[in-house]
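In what follows, every chain begins at residue 1, and chains take the letters A, B, ... in the order their sequences are listed.
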Amino acid sequence: MVTRGYFRYRMITNQFARFAFLAASLFGLLVLFVLLYRVIEQGAGWLNSGFLTGRLSTQPDQAGIKGAVFGTLWLMAVVIPLTTMVGVGTAIYLEMYAKKGKLRGLIQTNIANLAGVPSIVYGILGMTLFVRALDFGNIVLAGGLTMSLLVLPIVIVSSQEAIRAIPSFLGEASYGLGATKWQTIKSVLLPVALPSMLTGSILALSRAIGETAPLVVIGIPALLLPIPMNIFDKFTVLPMQIYYWTIDSSLLAEYANLAAATIIVLLTILFLLNATAIIIRNKFEQRF
Amino acid sequence: MLTRQDTAKEIHFQQLAERHKRRVARERWLPVGLFLLTLLSVITTIGIVVVLFSETISFFQRVPIIEFFTGTVLKPLSQTPQFGVLPLLLGTVLSTAIAMVVAVPLGLMTAIYLSEYASARWRKFLKPALELLAGIPTIVYGFFAFTFVTPVLREWIPSLQATNLLSPGIVMGIMIIPMIASLSEDAMRSVPNALRDGAFGLGATKLEVTRKVVIPAALSGIIASVVLGISRAIGETMIVTIASGSSKNFTLNITESMQTMTAYIVEVTGGDASAGTTVYYSLYAVAMTLFVFTLAMNMLARYISNRFKEEY
């Protein structure tokens, strides 16, 4: 039964729904805005050169995050080469060498499952294997190896996608000129895939920089540590500093401001990394 | 008849062919090396399973498995320790449920807006902005939940404790919105326009097309995105650790402090439980439970999206 009233009802609900969907999608942005505003309002006043270059201190107005910045850098010094080498190597094997079959499917499923394992489980693996069994202690190397395992699936999958996106005629042309498989991969395919591989690696890296749970499990103490000078030193990182200052803020309210200031530093680093990734993608990615 | 030039060419080709052969021979070890790198991800899985499994067995030699899975009291550090996992399971289930109450409607509505309503330009702005939300580290969300959301909620719910399950649950939901939105949007956008046009031709409004054509056609992808969101919420650690405290309450009252499985792991490792104690082993039993849960969810999501995929 079609009446005019029913038609109007349908039109009005349609308009209403449109508005509701828009409102819902703006909600996320609103939260993002509130979060950033809160953090900046609380932390900006504490951000000064003393904070960036100072050492940890229990006195809020003397505390600095130099150690955490260095720790984060050293951690990256372990994670970047390891994940790039293993991640790209694995992607090349799976895309270029592995025969399509049961084994390849199994490895692929395994990688997908690893990507879904909670980060804290990687922390337990790292704590058991690197910190205790191999007796590294809670040094940069142990944290870096753990983080590498955590982000490896991301690097592998994004590198695979980068290789898969290369049109097949490039490889065929190279083979036609008499190049061997490795020559083709090294001189033709990898240079083409490099920008999007780099983008994927940077995104994986920013995950590793912001991740906290595995390092808490490995046991990074809230002590005043010396600045780490190599990968065998004990260390702390920016997220750990945020964690300790946040939970300590119930003891001393100023600690929350320190946490907020550290968050600004962390988010700035992540923002710069992501911007780099976007620039690389837009500038160097070739279309065929 | 061969001329001198042809013979020279012939020799040259032979040299090239030789060189090519040598190169190919030298490259033979390459796949082996790359395969070894590939094995690392398999070894990681084996490592996780072996570590969790062996230490969990040690735990069950000290605490009966029945007691662990049916016990409602968790007092790991008391004189007469009790190791019931149910308080942690309940904490995890409740916080995940709160997160889903937030993330599913908002995530799906966002996905619908992006896929069906938004203009190309507006979408180009909105999507990266949501990705920004997804890129914020969970520790920052934890800080936000503890120092902002909880105090704000307390204005409305005076009985809310300083650490509670409600606030981290909500923030976790907000964190998961972009994930559900983007995965569901992918599913909706892969519904061919011919289906939509058919319904529009019959006089359907946009809402009716969305509800009766697009959503049913994309349902498997949508459900898979929700299941993945659940898995993400179960494994989320820092938000609940910071904002929900460490009381091992067995209650349905989400205004109270409660502990999740992940937060328990943080508490025990952070407290430097010495190796070999029952508390130390309980860590692995809880982690094993967590691992099995999330693995099951991830496999379920993949099964749903493969099994019920609509091909057009």
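- For B/Arg302, the part sitting under 4.5 Å from any heavy atom of chain A is the side chain, from C-beta outward, and nothing else.
- Residues of residues 268-279 of chain A having a heavy atom under 4.5 Å from any heavy atom of chain B, listed by number: A/Leu270.
- Looking at B/Val51, the atoms closer than 4.5 Å to chain A (heavy atoms on both sides) all sit in the side chain, from C-beta outward.
- The aromatic rings of A/Trp245 and A/Tyr255 lie parallel to each other, their planes meeting at an angle below 30°, with 60° marking the opposite boundary.
- The contact between A/Arg18 and chain B is made by backbone and side chain atoms together, counting heavy-atom distances below 4.5 Å.
- Proximity to chain B (any heavy atom under 4.5 Å) is restricted, for A/Val121, to the side chain, taken from C-beta onward.
- In this structure, the portion of A/Met127 lying under 4.5 Å from any heavy atom of chain B is its side chain and not its backbone.
- In this structure, chain B has no heavy atom under 4.5 Å from any part of A/Leu215.
- When heavy atoms are compared at a cutoff of 4.5 Å, A/Ala112 approaches chain B by way of both its backbone and its side chain.
- With a 4.5 Å cut-off on non-hydrogen atoms, B/Thr210 does not touch chain A at all.
- Heavy-atom distances place both the backbone and the side chain of B/Ile48 under 4.5 Å from chain A.
- With a 4.5 angstrom heavy-atom cutoff, B/Thr45 touches chain A via backbone and side-chain atoms both.
- Applying the salt bridge (charged side-chain N to carboxylate O under 4.0 Å, His left out) rule to pairs touching residues 206-219 of chain A yields A/Arg207-A/Glu211, sequence neighbours excluded.
- Heavy-atom distances place both the backbone and the side chain of A/Ala20 under 4.5 Å from chain B.
- Atom OH of B/Tyr284 has more than 12 neighbouring heavy atoms from other residues, nucleotides or ligands inside a 6.0 Å radius.
- For chain A, the nearby part of B/Leu52 is the side chain; its heavy atoms alone come within less than 4.5 Å.
- Judged purely by atom type and a 3.5 angstrom limit, B/Lys206 has no side-chain atom pairing as donor or acceptor with the backbone of B/Tyr117.
- Using a 4.5 Å cut-off between heavy atoms, B/Phe144 contacts chain A through its side chain alone, with no backbone atom that close.
- The part of A/Phe27 that comes within reach of chain B is its side chain, from C-beta onward, which places non-hydrogen atoms under 4.5 angstrom from that chain.
- When heavy atoms are compared at a cutoff of 4.5 Å, A/Thr180 approaches chain B by way of both its backbone and its side chain.
- Panel note: side chain B/Ser184, backbone B/Leu108; no donor-acceptor pair is recorded below 3.5 Å.
- Proximity to chain B is absent for every atom of A/Thr262, based on heavy atoms less than 4.5 angstrom apart.
- Judged by distance alone, the side chain of A/Glu254 and the main-chain N or O of A/Ala256 form no donor-acceptor pair under 3.5 Å.
- With 3.5 Å as the limit, one finds no donor-acceptor pair spanning the side chains of B/Thr44 and A/Tyr122.
- With a 4.5 Å cut-off on non-hydrogen atoms, A/Phe16 does not touch chain B at all.
- Only the side chain of B/Phe125 has a heavy atom closer than 4.5 Å to any heavy atom of chain A.
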### Message
Is there a salt bridge (Lys or Arg N to Asp or Glu O under 4.0 Å) between B/Arg123 and B/Glu185? Walk through the geometry before answering.
### Response
CA-CA 11 Å; B/Arg123 186 174 168 277; B/Glu185 193 218 344; 2.8 Å; yes
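- Residue contact with chain B, scored on non-hydrogen atoms closer than 4.5 Å, involves the side chain of A/Ile263 exclusively.
- Contact of A/Ala179 with chain B is made through the backbone alone, with heavy-atom distances under 4.5 Å.
- Considering B/Leu202, B/Val214, B/Ile215 in turn, B/Val214 is the only one that fulfils the side-chain contact (heavy atoms from CB on, under 4.5 Å) rule with B/Val209.
- For residues 170-183 of chain B, a heavy-atom distance under 4.5 Å to chain A picks out B/Ile174, B/Ile177, given by residue number.
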### Task
Apply salt bridge (Lys or Arg N to Asp or Glu O under 4.0 Å) to the pair B/Glu27 and A/Lys181, showing each step before the final yes or no.
CA-CA 8 Å; B/Glu27 278 176 22; A/Lys181 193 161 191 169; over 6 Å; no
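- Sorted by first and then second residue, the side chain to side chain donor-acceptor pair (under 3.5 Å) pairs with a member in residues 142-151 of chain B read B/Thr150-B/Ser167; sequence neighbours excluded.
- Formation of a donor-acceptor pair under 3.5 Å by the A/Gln15 side chain with backbone atoms of A/Ile12 is not found in this model.
- Within 6.0 Å of the CE atom in B/Met299, the count of heavy atoms belonging to other residues, nucleotides or ligands does not exceed 12.
- Only the side chain of B/Phe146 comes within contact range of chain A, with heavy atoms under 4.5 Å apart.
- Within the 4.5 angstrom heavy-atom criterion, no atom of A/Leu203 approaches chain B.
- At least one donor-acceptor pair under 3.5 Å links the side chain of B/Thr92 to the backbone N or O of B/Met261.
- Panel note: side chain B/Ser231, backbone B/Val227; no donor-acceptor pair is recorded below 3.5 Å.
- Considering only heavy atoms from C-beta on, A/Ile40 stays 4.5 Å or farther from A/Tyr37 through its side chain.
- Proximity to chain A is limited to the side chain of B/Thr237, based on heavy atoms less than 4.5 angstrom apart.
- For A/Leu152, the part lying near chain B is the side chain, with the backbone staying farther off; criterion is any non-hydrogen pair under 4.5 Å.
- Under the side-chain contact (heavy atoms from CB on, under 4.5 Å) test applied with A/Pro153, the options A/Thr83, A/Thr90, A/Ile111, A/Asn110 reduce to a single match, A/Ile111.
- Of the atoms belonging to B/Leu30, it is side-chain heavy atoms, and not backbone ones, that fall under 4.5 Å from chain A.
- Not one N or O on the side chain of B/Lys127 forms a donor-acceptor pair closer than 3.5 Å with the backbone of B/Leu114.
- Within a 6.0 Å radius of OH in A/Tyr175, other residues, nucleotides and ligands contribute more than 12 heavy atoms.
- Between the side chain of B/Asn298 and the main chain of A/Asn113, no donor-acceptor pair closer than 3.5 Å is present.
- Contacts of B/Glu131 with chain A are absent, with no heavy-atom separation under 4.5 Å from either backbone or side chain.
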